[in-house]
Amino acid sequence: QAQLVESWGGSVQPGGSLRLSCRASGFYLHNYAIAWFRRAPGKEREGVSCMSVEAGSTYHVDSAKGRFTISRDNAQNTVYLQMNSLKPEDTAVYYCAAHAVDIRYWRSDVNCFDAKTPYDYWGQGTQVTVSS
C-alpha cells in the first residue's frame, strides 16, 4: 500500500528550528515531486516548498525562502523540510504530498503549486507550533 508518513513536527519558540520528514512506502520517490503544504487554523491550505526528487530542483514560496530547505535521502526514500528562524505565523499542520512527474517537462517553480497539478498521495499531517 502506497503511503506517505510525516514525522518530527513539534513545538518550538520563535527563532527555533524543526526538521520534518516525509517517508514514502509502497512506491519510490525518485519519479515524483514532493511538496510540503500547510494549513493554519482558520486558513486555507497553502504550498510551502517543493522538490523534484530525480532532478533535485526545488522551489519555495516567498514566506519560506531563506528559512526553509528541502532535501532528499534516496536510500531512506525520504524527503526532509528543514525549517529555521521559525515564526508564530508558521504554526500549522504540515502535509507532504507526491506527484508523479516527467522531468522533461517539470519546472518546480511553475508546476509545484499550480492548481492543475494533482497530487497522488498525501500524508496524514504533522503539527508545528511556534510560540513563546
Asker: Are Ile70 and Val5 co-members of a hydrophobic cluster defined by side-chain heavy atoms under 4.5 Å apart?
Answerer: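 They do not share one cluster, since no chain of ILVMFWY contacts under 4.5 Å joins Val5 to Ile70.
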Asker: Testing the basics here: between Ser132 and Pro14, what is the closest heavy-atom pair and its distance to 0.1 Å?
Answerer: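 Heavy-atom minimum between the residues: N-CD, 3.7 Å.
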Asker: In terms of heavy-atom contacts, does NZ of Lys65 have more than 12 from other residues, nucleotides or ligands at under 6.0 Å?
Answerer: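 Atom NZ in Lys65 is crowded, with more than 12 foreign heavy atoms closer than 6.0 Å.
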Asker: To the closest 0.5 Å, what do you measure between CG (Asp102) and OH (Tyr105)?
Answerer: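 The distance works out to 6.0 Å.
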Asker: Filter on salt bridge (Lys or Arg N to Asp or Glu O under 4.0 Å), then keep only pairs touching residues 31-40, sequence neighbours left out; what's left?
Answerer: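 Output for this query lists Arg38-Glu46, Arg38-Asp90.
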Asker: Looking only at non-hydrogen atoms, find the nearest pair between Pro118 and Lys116 and report the distance.
Answerer: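 For Pro118 versus Lys116, the nearest heavy atoms are CD-O, 3.2 Å.
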Asker: Below 4.5 Å, heavy atoms only, C-beta onward: do Gln82 and Ser17 meet side chain to side chain?
Answerer: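 Answer yes - side chains close enough.
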Asker: Is there a side-chain contact between Thr126 and Val93 in this structure, where contact means two heavy atoms from C-beta onward sitting under 4.5 Å apart?
Answerer: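 They are not in contact (no side-chain heavy atoms under 4.5 Å apart), so the answer is no.
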Asker: With ring pair (Phe, Tyr, Trp, His ring centres under 6.0 Å) as the rule and sequence neighbours excluded, what pairs involving residues 70-97 come up?
Answerer: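 Those involving residues 70-97 do not exist here.
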Asker: Under the side-chain hydrogen bond (donor to acceptor under 3.5 Å, both in side chains) rule, what pairs show up with a residue in residues 19-32, not counting sequence neighbours?
Answerer: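 Output for this query lists Arg23-Gln76.
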Asker: Check residues 47-57 and write down every donor-acceptor pair under 3.5 Å in which the side-chain atom is one partner and the other belongs to a residue at least two apart or another chain.
Answerer:
| unit_1 | atom_1 | unit_2 | atom_2 | d |
| --- | --- | --- | --- | --- |
| Ser49 | OG | His60 | ND1 | 2.6 |
| Ser57 | OG | Ser108 | OG | 2.9 |

Asker: Do Thr78 and Asp73 meet the criterion of a side-chain donor-acceptor pair at a distance under 3.5 Å?
Answerer: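 Judged by distance alone, the side chains do not pair up.
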Asker: Looking only at heavy atoms, which two atoms of Thr91 and Ala40 are closest? And how far apart?
Answerer: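 What the structure gives for the nearest pair is O-CB, 3.5 Å.
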Asker: Treat each ILVMFWY residue as a node, draw an edge where side-chain heavy atoms are under 4.5 Å apart, and state whether Tyr121 and Val79 are in one component.
Answerer: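 Yes; tracing contacts between hydrophobic side chains, which count when under 4.5 Å, links both residues.
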Asker: Using the test ring pair (Phe, Tyr, Trp, His ring centres under 6.0 Å), find all partners of Tyr119 that sit at least two apart in sequence or belong to another chain.
Answerer: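 Expected list: Phe37, His99.
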Asker: When rounded to the nearest 0.5 angstrom, what distance separates CG in Leu18 from OG1 in Thr129?
Answerer: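 These two atoms lie 9.5 Å from each other.
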Asker: Mind listing the closest non-hydrogen atom pair of Phe27 and Leu4 along with its distance?
Answerer: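 Answer, listing the atom of Phe27 first, then Leu4: CZ-CD2, 3.6 Å.
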Asker: Could you check if a side-chain atom of Leu81 sits within less than 4.5 angstrom of a side-chain atom of Phe68, using non-hydrogen atoms only?
Answerer: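 They are in contact (side-chain heavy atoms under 4.5 Å apart), so the answer is yes.
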Asker: Is the backbone of Thr117 close enough, under 3.5 Å, to the side chain of Asn111 for a donor and an acceptor to pair up by distance?
Answerer: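 Here the side-chain-to-backbone pair does not exist.
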Asker: Taking all non-hydrogen atoms of both residues, which atom of Tyr59 and which atom of Asp109 are closest, and how far apart?
Answerer: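 What the structure gives for the nearest pair is CD1-CA, 3.6 Å.
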Asker: With a cut-off of 3.5 Å and sequence neighbours excluded, list every side-chain donor-acceptor pair involving residues 6-13.
Answerer:
| unit_1 | atom_1 | unit_2 | atom_2 | d |
| --- | --- | --- | --- | --- |
| Glu6 | OE1 | Gln124 | N | 2.9 |
| Glu6 | OE1 | Gly125 | N | 2.8 |
| Glu6 | OE2 | Cys96 | N | 2.8 |
| Glu6 | OE2 | Gly125 | N | 3.3 |

Asker: Hey, quick one: are Val101 and Trp36 part of the same hydrophobic cluster, counting side-chain heavy atoms closer than 4.5 Å, chains of contacts allowed?
Answerer: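 Each belongs to a different hydrophobic cluster.
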Asker: For Cys22 and Leu29, work out which heavy atoms get closest and say how close.
Answerer: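 What the structure gives for the nearest pair is O-CD1, 4.3 Å.
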